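A short write-up of the structure that comes next.
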2 protein chains.
Amino acid sequence: MTSPARRLRSDALRNRERVLAAAEDEFAEQGIDASVSDIARRAGVAKGTVFSHFATKEELIVAVVANHLAELKEVAERLGKAPDPGAALLEFLTVAGDRRRQRDLTFLMSASADDATVTEIRNSLHADVSALVDRARAGGAIRHDVTGTDVFLLICAPVHVVENLPGAPADLWLRYLAIIFDGLRPAGASPLPRPAPDWT
Amino acid sequence: MTSPARRLRSDALRNRERVLAAAEDEFAEQGIDASVSDIARRAGVAKGTVFSHFATKEELIVAVVANHLAELKEVAERLGKAPDPGAALLEFLTVAGDRRRQRDLTFLMSASADDATVTEIRNSLHADVSALVDRARAGGAIRHDVTGTDVFLLICAPVHVVENLPGAPADLWLRYLAIIFDGLRPAGASPLPRPAPDWT
DNA sequence: CGTTAAAATGACCAGTCGGTCAAGTTAAGT
DNA sequence: ACTTAACTTGACCGACTGGTCATTTTAACG
């Protein structure tokens with residue numbers, strides 16, 4: 001959870017976390033247009049309380065996104081020490097995809113893309129993912145012309161593919177992760193038509 | 001363009017098409033929350049005129065989406081007669097991706113997913129894509145365990161991947177189309193963990 | 001021309017939004 | 001128990017939304 005900047009009174013701290021949790025749920029269900037009033041009701045507080053913790057809706061979004069990215073970063077760090085680098089990368093993509101499936105917050109990410117806090121955590125996660133990719137490449141698990149940035153960009157793709165197919169089983173996205181991961185493997189790789197993008 | 005239901009007066013027909021074009025641009029730029037007032041201003045008409053052609057905003061969205069899908073269907077039909085089936089499938093994905101890159105209307109698709117007109121055109125496009133995929137599979141260009149529905153779902157993935165990377169060159173998405181298409185090829189294919197979804 | 005039905009207009013409506021703030025409530029230190 | 005600063009509350013504000021409709025404009029036809 002994001003750290004409250006100063007020492008908070010006990011009720012304030014409790015409400016702050018309730019609001020954050022409610023916001024995460026509400027944004028995931030209603031999209032970026034979820035209203036602050038609804039978030040407040042869900043958290044069991046008045047609207048004014050929400051604005052006393054987060055000055056603007058934008059600030060609330062930033063806090064939710066920062067939480068989300070920080071959780072992913074923990075996973076990436078843990079897997080950086082796993083024995084099989086290829087399996088570690090695939091597991092990271094599996095965990096990240098599953099989080100994304102449970103709560104789609106990508107629209108929040110683009111909404112808060114310019115925020116300094118979010119940028120910092122995102123860069124840090126990017127570095128961890130790049131480390132996973134470098135190890136996997138060195139281990140021969142993925143093709144040599146694929147970079148950490150490539151994989152970072154591809155994280156959400158498998159879930160996105162399945163997002164607008166209402167009747168689908170919850171884990172159908174694993175099928176598309178497998179297809180895309182096959183595209184990352186060395187076997188049968190064809191030359192890529194464009195160079196990998198730099199990060200920042 | 002979508003056909004006007006009855007015979008329209010000349011100014012009405014002209015304004016109808018202006019509104020449709022303005023709506024497509026405005027939605028692509030502002031997202032689904034683009035206001036009808038803005039669309040009207042962009043089309044050079046009053047707000048009431050928009051609502052005289054499309055009773056609700058929803059109806060306007062449906063018309064834009066239907067246009068978009070119909071254009072894609074023309075491309076798929078044309079490529080159904082191309083000599084090299086593997087190249088034809090790749091070209092369809094290239095054209096579809098490029099359209100998607102120019103105007104992102106996917107959020108409109110999900111907004112109008114339940115509409116009968118949209119459903120009909122979408123099913124029809126799905127059939128054409130499936131035909132392309134079947135020919136490509138028969139020609140050995142793609143793996144045997146990938147279906148038309150798989151490819152239909154994957155259409156927007158390459159562009160989506162790149163969407164939140166602001167500084168990127170416009171055609172970077174071709175890199176991810178190549179990676180994903182490599183995942184569709186027979187060489188180095190690993191077994192897929194989930195069965196392909198049916199298309200209701 | 002003149003006539004008329006079709007179409008365009010924009011002020012207007014009710015509802016919702018993000019955000020404010022004076023007044024009331026409460027946790028914490030003594 | 002008393003005090004006080006921290007915190008919560010919800011009525012309120014201006015801006016904006018999708019949608020309506022009485023009025024005015026205009027294309028089409030004789």
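Here is how names work: the chains are called A, B, and so on, in the same order as the sequence lines, proteins then strands, and each is numbered from 1. What you see below is based on every heavy atom in this structure, not just the backbone, and it leaves out hydrogens, waters and symmetry mates. What you are looking at is a predicted structure, and each value in this text was computed from that prediction instead of being measured.
For B/Glu71 and B/Asn67, the side-chain atoms include no donor-acceptor pair closer than 3.5 Å. Residues A/Asp182 and B/Ser190 have side chains that bring a donor and an acceptor to within less than 3.5 angstrom of each other.
Note on A/Asn15: only backbone sugar-phosphate atoms sit closer than 4.0 angstrom, heavy atoms only; bases stay farther off. Within 4.0 Å (heavy atoms only), B/Ala34 reaches sugar-phosphate atoms of the nucleic acid but no base atom.
With contacts defined as side-chain heavy-atom distances shorter than 4.5 Å, the pair A/Glu29/A/Arg103 does not qualify. B/Arg143 places a side-chain heavy atom less than 4.5 Å from the side chain of B/Leu192.
The backbone N or O of A/Val146 sits less than 3.5 Å from a side-chain atom of A/Arg137, completing a donor-acceptor pair. Under the 3.5 Å distance criterion, the side-chain polar atoms of A/Ser112 are matched with a main-chain donor or acceptor of A/Leu108. Under a 3.5 Å cut-off, the side chain of B/Asp104 and the backbone N or O of B/Thr106 do form a donor-acceptor pair.
Taking atom CG on A/Leu8 and atom P on D/dA5, their separation rounds to 18 Å, with Å as the unit. With rounding to whole Å, A/Arg9 atom CZ is found 18 Å from D/dT3 atom P. Rounded to whole Å, the distance from CD on B/Gln30 to C1' on D/dT17 is 15 Å.
Heavy-atom contacts of chain A under 4.0 Å fall on DNA chain C between two terminal nucleotides, which in 5' to 3' order are C/dC17 to C/dA28.
Note: A/Phe152 and A/Trp199 have perpendicular aromatic rings, judged against thresholds of 30 and 60 degrees for the angle between ring planes.
Looking at which nucleotide of DNA chain D each of B/Lys47 and B/Asp11 is closest to, the 5′-most match is held by B/Lys47.
For the segment residues 48-61 of chain B, the set of residues with a heavy atom within less than 4.0 Å of an atom of DNA chain C comprises B/Gly48, B/Thr49, B/Ser52, B/His53, in numerical order.
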